[in-house]
Undergrad: 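Here it is, the structure, as C-alpha cells.
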Amino acid sequence: METTKLVLYNTLSRQKEEFVPMHAPSVGMYVCGPTVYGDPHLGHARPAVTFDILFRYLKHLGYKVRYVRNITDVGHLENDADEGEDKIAKKARLEELEPMEVAHYYTERYHDAMRALGVLTPSIEPHASGHIIEQIEFVKKIWDAGFAYESNGSIYFDVEKYNEKYHYGKLSGRNLDDIVTNTRSLDGQDDKKHSYDFALWKKASKEHIMRWPSPWSDGFPGWHMECSAMSTKYLGEQFDIHGGGMDLMFPHHECEIAQSTAALGHDSAKYWVHNNMITINGKKMGKSLGNFITLEQLFKGEHELLTKPFSPMTIRFFVLQAQYRSTLDFSSSALEAAEKGLDRLMKGVDALKKIKPSKSSSIKVEELDAACHNAMNDDLNTPVVISIIFDWIHTINQLVDSQQTITEEDLALLKNTLNVWIFDILGLRNEKQSSSADKLSPVVDMMLEIRQKAKAEKNWALSDEIRNRLTSLGIRVKDRKDGADWEIE
RNA sequence: GGUCUGAUGGCCGAGUGGCUAGGCACAGCUCUGCAAAAGCUGCUACAGCAGUUCGAAUCUGCUUCAGACCUCCA
C-alpha cells in the first residue's frame, strides 16, 4: 500500500493542493486565536483542535514547525458606528475592571480549556497589546506605499486604490463592484472615503481606556492589523500556512492579505486553511446568536441542552469525527455517541495487553499505518483515520478471541502504530487510566480474588454482595471465563 | 439582493463513476449461577425531476430546501 503526499485545501485556489513547504524542513503556520473577552465555547474548540492536528501531523512527518497563534486583547471594534470603542474596553467598563485584567482572566480560561482538550501549546502566542509598535510600523509601510489616508486622526486603508493595482477580494471570491453595491451603509462612517475602507489605526475617543500614542493620534490599531504585523514578525514576509475559521475569511483575512500585499508588495501566506463551523439545530454556534455552549458547561453538564457532562476527550473525539471543512452539528445525543465510540476505541487499545503472540501472523499490520497516512494526507481526513482504527479494534478483538494470529514482532508494531496515531497524532488521552486507579488496582484485585473463592464455593450471597458493593462504589465487575475483570464507571 | 457552500440510513458522519466507510441506536446470538459488561452477526441510505453513461450518491441541467459571509464572531 503506497503512501500519498499531504494535500491541503487552499481557500485561495479553491482546490486541494500538495503541501510543499517554502523552506523545508521548516514550516511556518499562523492561526487566528481567540478574542479574550468571554469564556471559550464549543466553537473555539474547532479551530484549536483542527490546527492542533495539523501541527501534530506536520511534526510527525518530520517538519520543524513554528506555530503562531495570537491572543487578541485589543483592537476589534465593537462596530464602525461605535465611536471607536473597543470590545475589551467596553466589557471592562461594565465590570469596572482594568481591560488587561479581563483579557488576562479570559486568556487563562482559554488556556485551561485548551489544555483539557489536549491542544498543544503553540510555539509562540503573541498578544496584540504587546505588539503595538510593530503594528504602527506596519501602518507606516502601507502609508509609504500609498495605500492609506488620514482622516480626523485615524488612518484608513484605501481599498479602491489598492484594487487598481491588486485584487481586493481574491480570497473570498468577491469583486470590488459587488462589494460596493452590496455593502450596507452604516452610520458614523463619515471619516472614511468609502464604506468598504477599513481602519488601520483608530483615534481613541475621550472615554476610551485602551490607547497608545502614535504619529497620528492617541488610539489603537485597526482590527486586522495585529495578524499582519505579528505573522510577519515571527514567520517572515512569506510563510506556509495561515489558518482560521471560515467566518474570518471576509473581511478579516481579505483585509490581512490587502494589508500585507500593500506593505510588502506580495502575498504573505501560501496556503489559506479554513475550518468550518459547529452548528446547533443547523445554525452556526456563535457569540452573535447567543446560542453557544461554553466548554466549562460541557465539561460540567450545566446547560439545558445537555443530558450529562462530557469529558474534554469526548469533545475532542467529537470534533475529529468530522472532516474540518464540514459543518458539525452539535447535539447531546451526538456527543453521547462520540463518548461511547471513544470508550470502545480505548477499550480496544487496552485489550492489546491480552493478546498472546503466535508463530505467524494472519493479518498485515503494516497496512494500518499506510491507510492512516493516506487518509490524513487527503486534507486531514480524521474521520476516515478513526474508521480505520475502529476496523483494527475489531481485529484486536478477534486476536484476543484467537480468531486471528499475530507474531510477537507484529504485535509490537501494532501497539506502536496505534499509539502513534491515537495518542500522538489524534492527541487523544485514555481518561480512565488515572494514577488513582493504579493505586486502587491491587485493592480491587484482592476483593475480586475473595469473590472468586466465594463463587468457587457457590456462595452466591457473598459473591453478589462484593459485586454490588463495588458497583455502588463506581467499579463495574466484568465476569469472564477465567476470573473477573473490572473498570471504573 | 450579491458571493459561496451544502442536502447521505432512526442519529452523527466519510465517500466524486462500478466493489461493506466508521461510530451510536436497534435486533438476534455467544459468554454467564444470576446480572452486568464485553464480543460476534445483522441493519445498504444517498432531497426531487430530467439528462450523459454499459453503469451515478458520485458528472450535467433544472427545482426545492438549508446554511455561511456581506456587521463583532472560531
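The chains referred to below are lettered A, B, ... by the order of the sequence lines, with proteins before strands, and numbering in each begins at 1. Only heavy atoms go into these numbers, but all of them, side chains included; no hydrogens, no water, no symmetry mates. What you see is a predicted model; the values in this text were computed from it and never measured.
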Undergrad: Side chain of His394(A) only, please: which of rC40(B), rA36(B), rC34(B) is the nearest?
TA: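 Nucleotide nearest to His394(A)'s side chain: rC40(B).
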Undergrad: In whole Å, measure the gap between the P atoms of rC4(B) and rA38(B) for me.
TA: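 Per the computed distance, 49 Å lies between those P atoms.
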Undergrad: Asn397(A): which residues meet the side-chain hydrogen bond (donor to acceptor under 3.5 Å, both in side chains) condition with it, sequence neighbours left out?
TA: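 Residues passing side-chain hydrogen bond (donor to acceptor under 3.5 Å, both in side chains) with Asn397(A): none at all.
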Undergrad: Closest approach to the side chain of Lys340(A), judged atom by atom: which nucleotide of rA25(B), rC69(B), rG39(B) is it?
TA: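 Closest nucleotide to the Lys340(A) side chain: rA25(B).
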Undergrad: Scan His274(A) against the nucleic acid and name what it touches under 4.0 Å (heavy atoms): base, sugar-phosphate only, or nothing.
TA: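 Counting heavy atoms under 4.0 Å across all strands, no contact is made by His274(A).
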Undergrad: Which part of the nucleic acid, if any, lies within contact of Thr50(A), taking any heavy atom under 4.0 Å across all strands shown: a base, the sugar-phosphate backbone alone, or nothing?
TA: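 Nothing: the residue Thr50(A), judged by heavy atoms under 4.0 Å, touches no strand.
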Undergrad: Using the P atom on both, measure rC40(B) against rC12(B) and round to a whole Å.
TA: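 25 Å, rounded to whole Å.
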Undergrad: Touch check for Gly43(A), heavy atoms < 4.0 angstrom, all strands: base, sugar-phosphate only, or nothing?
TA: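 Since a base atom lies under 4.0 Å of Gly43(A), the category is base.
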Undergrad: Are Asn377(A) and Tyr57(A) linked by a side-chain donor-acceptor pair shorter than 3.5 Å?
TA: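 Asn377(A) vs Tyr57(A): donor-acceptor pair found between side chains.
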Undergrad: How far, in whole Å, is rU71(B) from rG10(B) if one measures between their P atoms?
TA: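 The answer is 40 Å between these two P atoms.
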Undergrad: Closest-nucleotide mapping onto RNA chain B: is Gly245(A) or Phe330(A) further toward the 5' terminus? I mean the 5' end.
TA: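 The residue closer to the strand's 5' end, by nearest nucleotide, is Phe330(A).
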Undergrad: If you apply the rule salt bridge (Lys or Arg N to Asp or Glu O under 4.0 Å), what do you find for Lys453(A) with Glu449(A), and how did you get there?
TA: CA-CA 6 Å; Lys453(A) 283 182 191 166; Glu449(A) 269 178 47; 5.7 Å; no
Undergrad: At under 4.0 Å between heavy atoms, what does Val400(A) touch on the DNA or RNA strands: base, sugar-phosphate, or nothing?
TA: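 If one applies the 4.0 Å heavy-atom cut-off, Val400(A) turns out to touch nothing in the nucleic acid.
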Undergrad: Identify whether any heavy atom of Lys284(A) sits under 4.0 Å from a base atom; if not, whether one sits that close to sugar-phosphate; answer base, sugar-phosphate or nothing.
TA: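 It contacts base atoms.
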Undergrad: Among the nucleotides rA36(B), rG39(B), rG33(B), which one has an atom lying closest to any side-chain atom of Trp460(A)?
TA: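 Among the listed nucleotides, the one closest to the side chain of Trp460(A) is rG33(B).
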Undergrad: Closest to the Asp247(A) side chain: rG33(B), rU71(B), rC69(B)?
TA: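 It is rC69(B).
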Undergrad: Only one of His252(A), Glu256(A), Glu254(A) clears side chain to side chain donor-acceptor pair (under 3.5 Å) with His224(A); which?
TA: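 Going through the options one by one, the only one that passes is His252(A).
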Undergrad: Measure from the side chain of Ser387(A), starting at C-beta and using heavy atoms only, and say which of rA36(B), rG22(B), rC12(B) lies closest.
TA: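 Comparing rA36(B), rG22(B), rC12(B) against the side chain of Ser387(A), the answer is rG22(B).
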Undergrad: Are Thr327(A) and Thr279(A) linked by a side-chain donor-acceptor pair shorter than 3.5 Å?
TA: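 The criterion, which ignores hydrogens and geometry beyond distance, is not satisfied for Thr279(A) and Thr327(A).
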Undergrad: Testing the 3.5 Å rule here: is there a donor-acceptor pair between the side chains of Glu457(A) and Asn459(A)?
TA: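 Asn459(A) and Glu457(A) do not have a side-chain donor-acceptor pair below 3.5 Å.
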Undergrad: Go through the side-chain N and O atoms of Asp39(A) and Tyr110(A) and say whether any donor and acceptor fall under 3.5 Å apart.
TA: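 On atom types as modelled, these side chains do not qualify, holding no pair under 3.5 Å.
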Undergrad: Taking donor-acceptor contacts at under 3.5 Å, does the side chain of Arg467(A) reach the base of rA36(B)?
TA: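 Checked by distance alone, the answer is no.
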Undergrad: Reading 5' to 3' and counting Watson-Crick or G-U wobble pairs with both distances under 3.5 Å, write the dot-bracket notation for RNA chain B, | for bases paired outside the strand.
TA: (((((((..(((.....[...))).(((((.......)))))....(((((..]....))))))))))))....
Undergrad: Whole Å only: how far is the CD1 atom of Ile355(A) from the P atom of rG39(B)?
TA: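 Computing the Ile355(A):CD1 to rG39(B):P distance gives 14 Å.
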Undergrad: Is there a donor N/O on one and an acceptor N/O on the other, under 3.5 Å, for the side chain of Asp464(A) and the base of rG33(B)?
TA: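 Side chain to base: pair present.
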Undergrad: Is a donor-acceptor contact shorter than 3.5 angstrom present between the side chain of Asp479(A) and the base of rA37(B)?
TA: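 In this structure, the two groups form no donor-acceptor pair.
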Undergrad: Is there, by distance only and without an angle test, a donor paired with an acceptor across the side chain of Ser326(A) and the base of rG13(B) below 3.5 Å?
TA: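 Such a pair does not exist between side chain and base.
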Undergrad: Give a yes/no answer on whether the side chain of Asn381(A) brings an N or O atom under 4.0 Å of OP1 or OP2 in rG15(B).
TA: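 So the side chain of Asn381(A) is within the cut-off, an N or O lying under 4.0 Å from OP1 or OP2 of rG15(B).
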Undergrad: For rA37(B) versus rC31(B), give the span between their C1' atoms, rounded off to a whole number of Å.
TA: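 Per the computed distance, 11 Å lies between those C1' atoms.
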Undergrad: Please measure how far the C1' atom in rG6(B) lies from the corresponding atom in rU58(B), and state the result in whole Å.
TA: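 The answer is 15 Å between these two C1' atoms.
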Undergrad: How far does the C1' atom of rC43(B) sit from the matching atom of rG28(B), given to the nearest Å?
TA: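 Their C1' atoms lie roughly 11 Å apart.
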Undergrad: Base, sugar-phosphate or nothing for Leu328(A)? Non-hydrogen atoms, less than 4.0 Å.
TA: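 Sugar-phosphate, backbone atoms only, no base.
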Undergrad: If you measure from the Lys or Arg side-chain nitrogens to the Asp or Glu carboxylate oxygens, is any gap between Arg451(A) and Asp464(A) under 4.0 Å?
TA: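 No salt bridge links Arg451(A) with Asp464(A).
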Undergrad: Which nucleotide in the list rA37(B), rC40(B), rA21(B) gets nearest to the side chain of Lys347(A)?
TA: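 Shortest atom-to-atom distance from the side chain points to rA37(B).
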Undergrad: Does Phe390(A) lie flat on the base of rG23(B), that is, centres under 5.5 Å apart and planes under 30° off?
TA: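 No, Phe390(A) does not stack on the base of rG23(B), since the centre distance and plane angle fail the 5.5 Å and 30° test.
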Undergrad: If I pick the P atom on rC24(B) and the same atom on rU52(B), what distance separates them, to the nearest angstrom?
TA: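 Each nucleotide's P atom is 43 Å from the other's.
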Undergrad: Tell me which of Asp391(A) and Lys283(A) sits closer to the 5' end of RNA chain B, going by the nucleotide each one is nearest to.
TA: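 Comparing both residues, the 5'-ward one is Asp391(A).
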Undergrad: Classify the side chain of Arg174(A) versus the base of rC4(B) as yes if they form a donor-acceptor pair under 3.5 Å and no if they do not.
TA: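 Looking at the base of rC4(B), it does not pair with any donor or acceptor on the side chain of Arg174(A) (distance under 3.5 Å).
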Undergrad: Please confirm whether the shortest side-chain N or O distance from Arg344(A) to OP1 or OP2 of rG39(B) is below 4.0 Å.
TA: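 Arg344(A) to rG39(B) OP1/OP2: side-chain N or O found under 4.0 Å.
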Undergrad: Select base, sugar-phosphate, or nothing to describe what Thr279(A) touches, counting heavy atoms under 4.0 Å on all strands.
TA: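 No contact.
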Undergrad: Tell me what Ser172(A) touches on the nucleic acid: a base, only sugar-phosphate, or nothing, going by heavy atoms under 4.0 Å.
TA: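 Sugar-phosphate contact only - Ser172(A) comes under 4.0 Å of backbone atoms but never of a base.
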Undergrad: Would you indicate what Met249(A) reaches in the nucleic acid, counting non-hydrogen atoms under 4.0 angstrom: base, sugar-phosphate, or nothing?
TA: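 It contacts nothing in the nucleic acid.
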Undergrad: Is Lys455(A) touching bases, backbone alone, or none of the nucleic acid, heavy atoms closer than 4.0 Å?
TA: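 Base contact.
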Undergrad: Classify the ring geometry between His253(A) and Trp272(A) as parallel (under 30°), tilted (30 to 60°) or perpendicular (over 60°).
TA: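 Taking Trp272(A) first and then His253(A), their aromatic rings sit tilted (interplane angle of 30° to 60°).
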Undergrad: Between Thr395(A) and Gln404(A), is any side-chain donor less than 3.5 angstrom from a side-chain acceptor?
TA: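 No donor-acceptor contact under 3.5 Å links the two side chains.
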Undergrad: Below 4.0 angstrom, which residues in residues 310-323 of chain A have at least one non-hydrogen atom near RNA chain B?
TA: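 Within this stretch, Gln321(A), Ala322(A), Gln323(A) sit under 4.0 Å of the strand.
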Undergrad: Looking only at the side chains, is there a donor atom on one of Thr382(A) and Gln323(A) sitting less than 3.5 Å from an acceptor on the other?
TA: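 There is no such pair (donor and acceptor under 3.5 Å, judged by atom type) between the side chains of Thr382(A) and Gln323(A).
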Undergrad: Determine the interplanar angle of the Phe250(A) and Tyr168(A) rings, folded into 0 to 90°, and report it as parallel if under 30°, tilted if 30 to 60°, perpendicular if over 60°.
TA: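 Judged by the thresholds at 30° and 60°, the geometry between Phe250(A) and Tyr168(A) is perpendicular.
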Undergrad: Mind checking the C1' distance from rA35(B) to rA25(B)? Whole angstroms is fine.
TA: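 Their C1' atoms lie roughly 22 Å apart.
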